[in-house]
S.K.: 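Below you'll find the structure I mean.
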Amino acid sequence: MKLLKLIFSIALITTLAGCQDSVVKTETAEPNLLDTSHEVVDRLTAIAKQNSAFTGVELSAKSPLIIASFVDVNQMEQSSAFGRIIAEQFASRLIQKGYYVVELKLRKNIFIKEKAGEFLLSRKIKEITANHNAQGIVVGTYAVAANNIYLTAKIVDPKTNRILSSYDFRLPMGEDSRELLSAW
């Protein structure tokens, strides 16, 4: 009987040690940027829907949305591969959800800085949104810290500049994020 208890105890300790090791690996793993981007879009659109009662603006699948590259909060005229891929992933998710998204890279009358992204300068916003009758512009900023990237995403009404929806989130810094932030 004592031998059975000893074997059971060793098996339990071994199992728990294995679980502890896998938990540590999971906690330190870099989050999936694609999954995070899609989750944020889901939250942004849900918040916009909740806010429509007091903003008076309800996002429609029939009216266009424009997506701008996410920019470094310290250098608003500069983005990175990180800021551009987040914008691309936001556009992709919005399309999956049935929204009408305008592809800005095909337009010549917006400021597109090579390897920096699509920037919507204030003097062009009214013209671009009027040309497309856009109901909203998705914009975002990020700040890089030692171990995390802090982001804010917003949907803005281009006619009034009113923020229809906003969501803040944090991404733990990983190898992929560092690479995307350093890539132009």
S.K.: Quick one, K154 with S165, criterion side chain to side chain contact (heavy atoms under 4.5 Å, CB included). Give me CA distance, side-chain angles, the key distance, then yes/no.
M.R.: CA-CA 6 Å; K154 299 174 185 173; S165 179; over 6 Å; no

S.K.: Just checking Y142 against Y150, ring centres under 6.0 Å apart?
M.R.: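 That pair fails the under 6.0 Å test.
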
S.K.: Using side-chain heavy atoms (C-beta onward) and a distance below 4.5 Å, is L94 in contact with I67?
M.R.: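 Yes - at least one pair of side-chain heavy atoms lies under 4.5 Å apart.
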
S.K.: Start with the C-alpha gap between V156 and L164, add the side-chain angles, then the distance that decides, and say whether side chain to side chain contact (heavy atoms under 4.5 Å, CB included) holds.
M.R.: CA-CA 6 Å; V156 180; L164 304 175; over 6 Å; no

S.K.: For atom CG of N147, decide whether the heavy atoms of other residues, nucleotides or ligands shown that lie under 6.0 angstrom number more than 12.
M.R.: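 Atom CG in N147 is not packed in, count stays at 12 or less.
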
S.K.: What heavy-atom pair brings D157 and K159 nearest, and what distance separates the two atoms?
M.R.: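 Heavy-atom minimum between the residues: OD1-N, 2.9 Å.
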
S.K.: Between CZ of R84 and OG of S80, what distance do you get to the nearest 0.5 Å?
M.R.: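 Going from the CZ atom of R84 to the OG atom of S80 covers 6.5 Å.
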
S.K.: Taking side chain to side chain donor-acceptor pair (under 3.5 Å) as the cut-off, I'd like each qualifying pair that reaches into residues 172-181, sequence neighbours left out, listed once.
M.R.: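 Counting only pairs at least two positions apart or across chains, the side chain to side chain donor-acceptor pair (under 3.5 Å) contacts touching residues 172-181 are E30-S177.
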
S.K.: Rounded at 0.5 Å granularity, tell me how far CD1 in I66 sits from CD in E103.
M.R.: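 Here the interatomic distance stands at 11.0 Å.
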
S.K.: Would you please name every residue forming a side chain to side chain donor-acceptor pair (under 3.5 Å) with E58, sequence neighbours left out?
M.R.: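 Here no residue qualifies.
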
S.K.: Closest heavy-atom contact between R170 and P172?
M.R.: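 Closest pair (atom of R170, atom of P172, distance): NH1-CG, 3.9 Å.
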
S.K.: G136 and I155: which non-hydrogen atoms are nearest, and at how many Å?
M.R.: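 The pair with the smallest heavy-atom distance is CA-CG2, 4.5 Å.
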
S.K.: Tell me every residue that passes side chain to side chain donor-acceptor pair (under 3.5 Å) with Q89, counting only those two or more places apart in sequence or in another chain.
M.R.: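 Q89 satisfies side chain to side chain donor-acceptor pair (under 3.5 Å) with S37 once adjacent residues are dropped.
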
S.K.: Is a side-chain donor-acceptor pair under 3.5 Å present for Y167 with R43?
M.R.: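 There is such a pair between these side chains.
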
S.K.: With side chains defined as the heavy atoms from C-beta onward, is the minimum distance between V144 and L181 less than 4.5 Å?
M.R.: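 They are in contact (side-chain heavy atoms under 4.5 Å apart), so the answer is yes.
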
S.K.: Can you see which heavy atom on P31 is nearest to which on T36, and at what distance?
M.R.: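 Where P31 meets T36 most closely, the heavy atoms are CB-OG1, 4.2 Å.
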
S.K.: Find out whether Q135 and P64 are in side-chain contact, i.e. whether some heavy atom of one side chain is under 4.5 Å from a heavy atom of the other.
M.R.: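 Sidechains of P64 and Q135: no contact.
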
S.K.: Find out if a path of hydrophobic residues (ILVMFWY) with successive side-chain heavy-atom gaps under 4.5 Å connects L59 to I95.
M.R.: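 Yes; I95 is reachable from L59 via cluster members.
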
S.K.: Report yes if the side chains of N148 and L171 come closer than 4.5 Å at any heavy-atom pair, otherwise no.
M.R.: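 Not touching, per the 4.5 Å side-chain cut-off.
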
S.K.: Take T55 and R162, measure what side chain to side chain contact (heavy atoms under 4.5 Å, CB included) needs, and give me the verdict at the end.
M.R.: CA-CA 8 Å; T55 63; R162 183 175 189 167; 3.9 Å; yes

S.K.: Could you tell me whether a side-chain N or O of S52 sits under 3.5 Å from a main-chain N or O of K49, the two making a donor and an acceptor?
M.R.: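 Indeed, once roles are kept as given, a pair shorter than 3.5 Å links the two residues.
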
S.K.: I would like to know whether F70 and F90 meet ring pair (Phe, Tyr, Trp, His ring centres under 6.0 Å); could you show each step before the answer?
M.R.: CA-CA 10 Å; F70 278 51; F90 271 48; 5.1 Å; yes

S.K.: As a test of understanding, state which of T45, V41, V138 forms a side chain to side chain contact (heavy atoms under 4.5 Å, CB included) with Y99.
M.R.: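 The residue from T45, V41, V138 that satisfies side chain to side chain contact (heavy atoms under 4.5 Å, CB included) with Y99 turns out to be T45.
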
S.K.: Looking at side-chain heavy atoms only, is the closest gap between V71 and M76 below 4.5 Å?
M.R.: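 Side chain of V71 against side chain of M76, heavy atoms only: contact under 4.5 Å found.
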
S.K.: Under the criterion side chain to side chain contact (heavy atoms under 4.5 Å, CB included), I'd like the reasoning laid out for I85 against L180: C-alpha separation, chi angles, the key distance, then a yes or no.
M.R.: CA-CA 9 Å; I85 197 62; L180 288 168; 4.2 Å; yes

S.K.: Around atom CZ of F169, are there more than 12 heavy atoms from other residues, nucleotides or ligands closer than 6.0 Å?
M.R.: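 Counting other residues, nucleotides and ligands, CZ of F169 exceeds 12 neighbours.
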
S.K.: Could you pull out the closest heavy-atom pair between A87 and S69, with the gap in Å?
M.R.: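 Distance-wise, the nearest heavy atoms are CB-CA, 3.8 Å.
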
S.K.: About how many Å separate CZ of R93 and CG of L34, when rounded to the nearest 0.5 Å?
M.R.: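 The CZ atom of R93 is 9.0 Å from CG of L34, to the nearest 0.5 Å.
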
